[in-house]
Amino acid sequence: MAKTKKEQLDDTLTALMQVGQIKACGIVSKEGLLINSRTPPDVDARIFSALCSTIMGAAEAASGQMATGGVSQVSVKTDKGTIVLMPAGVKAILTALTEPEAQLGLILVEMESIAQEVNQVMGESK
């Protein structure tokens with residue numbers, strides 16, 4: 001029996017969490033709606049989703065104004081980690097919150113691959 005889209009997206013987030021040094025991750029619609037997430041209990045995933053969408057929208061607007069091309073990633077470094085946002089096709093944004101000393105290179109490579117998987121799942125007509 002074929003997996004549902006939800007099951008497929010669950011699998012992609014599970015794979016991202018297995019990279020290590022990631023405290024939370026999620027898939028957000030471009031409109032800011034939560035599609036799926038892995039977040040600790042103290043994080044309101046719906047609010048986080050809306051804020052991530054806003055950050056990505058601002059980055060895309062700035063990029064458009066500066067004529068620098070499409071946004072391939074946004075990262076926000078904080079005292080307690082880094083928030084990484086990456087487009088996952090035209091419908092979704094892949095998000096991750098890393099540990100403060102995380103190996104961002106490895107995480108970004110894995111996120112690129114997983115963002116492609118999310119795009120394929122979201123693009124299916126099932």
Side-chain angles (χ1 to χ4, degrees):
M1 185 168 167
K3 289 186 177 184
T4 65
K5 282 187 181 187
K6 182 183 180 334
E7 291 170 333
Q8 292 175 57
L9 294 175
D10 282 340
D11 290 348
T12 62
L13 291 183
T14 298
L16 183 56
M17 291 298 290
Q18 290 175 349
V19 171
Q21 299 181 308
I22 296 175
K23 295 194 265 188
C25 63
I27 303 165
V28 179
S29 76
K30 291 278 182 147
E31 294 81 21
L33 300 174
L34 177 64
I35 295 172
N36 204 333
S37 70
R38 298 280 187 285
T39 56
D42 62 332
V43 173
D44 186 328
R46 290 186 181 130
I47 292 173
F48 182 70
S49 298
L51 294 172
C52 286
S53 175
T54 301
I55 293 168
M56 182 61 80
E60 289 172 345
S63 178
Q65 283 295 311
M66 301 300 288
T68 57
V71 175
S72 60
Q73 100 181 33
V74 175
S75 60
V76 180
K77 187 166 176 62
T78 72
D79 294 337
K80 295 184 179 181
T82 302
I83 300 167
V84 181
L85 311 174
M86 185 173 291
V90 296
K91 296 180 181 179
I93 303 164
L94 181 63
T95 68
L97 173 60
T98 73
E99 298 287 343
E101 302 302 320
Q103 300 297 316
L104 287 179
L106 173 62
I107 291 169
L108 290 172
V109 167
E110 291 298 321
M111 284 184 73
E112 287 175 4
S113 174
I114 290 171
Q116 290 176 355
E117 290 178 32
V118 169
N119 183 37
Q120 288 175 351
V121 171
M122 297 296 291
E124 291 177 6
S125 59
K126 290 183 181 178

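All values reported here derive from a predicted model rather than from experimental measurement.
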Within [range] or reaching into it, pairs that qualify as salt bridge (Lys or Arg N to Asp or Glu O under 4.0 Å) - sequence neighbours excluded:
| range | answer |
| --- | --- |
| residues 97-108 | none |
| residues 55-80 | Lys30-Glu60 |
| residues 11-20 | Lys3-Asp11 |
| residues 62-73 | none |

Next on the checklist: Pair Ile107, Ile22 - check side-chain contact (heavy atoms from CB on, under 4.5 Å), show working.
Outcome noted: CA-CA 8 Å; Ile107 291 169; Ile22 296 175; 4.1 Å; yes
Can you sort out the partners of [X] under side chain to side chain donor-acceptor pair (under 3.5 Å), two or more places apart, ordered by chain and number?
| X | answer |
| --- | --- |
| Thr14 | Arg38 |
| Ser75 | none |
| Gln18 | none |

Next on the checklist: Show the nearest heavy-atom pair for residues Val74 and Ala59, with the distance to one decimal.
Outcome noted: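 Nearest pair, atom of Val74 first, then Ala59: CG2-CB, 3.5 Å.
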Next on the checklist: Using the salt bridge (Lys or Arg N to Asp or Glu O under 4.0 Å) criterion, which residues pair with Glu112? Sequence neighbours excluded.
Outcome noted: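 Expected list: none.
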Next on the checklist: Under the rule for salt bridge (Lys or Arg N to Asp or Glu O under 4.0 Å), what residues qualify as partners of Lys6, not counting sequence neighbours?
Outcome noted: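 Partners of Lys6 by the salt bridge (Lys or Arg N to Asp or Glu O under 4.0 Å) criterion, ordered by chain and then number, come out as Asp10.
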Checklist entry - So, do Ile35 and Met122 sit near enough that their side-chain heavy atoms are less than 4.5 Å apart? => result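 Yes - at least one pair of side-chain heavy atoms lies under 4.5 Å apart.
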Checklist entry - Can you tell me how far the CE atom of Met111 sits from the CG atom of Leu16, to the nearest 0.5 Å? => result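 CG of Leu16 is found 6.0 Å from CE of Met111.
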Next on the checklist: I'd like to check the side-chain contact (heavy atoms from CB on, under 4.5 Å) partners of Leu51; sequence neighbours left out, ordered by chain and number.
Outcome noted: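 For Leu51, the residues satisfying side-chain contact (heavy atoms from CB on, under 4.5 Å) (neighbours in sequence not counted) are Ile47.
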Item to check | Set of side-chain contact (heavy atoms from CB on, under 4.5 Å) partners for Thr95, sequence neighbours left out | outcome: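 By the side-chain contact (heavy atoms from CB on, under 4.5 Å) rule, Thr95 matches Val28, Phe48, Cys52, Leu85, Ile93.
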Checklist entry - If you look only at pairs with a residue in residues 62-72, which of them pass as a side-chain hydrogen bond (donor to acceptor under 3.5 Å, both in side chains), with sequence neighbours excluded? => result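 Sorted result for residues 62-72: Ser63-Thr68.
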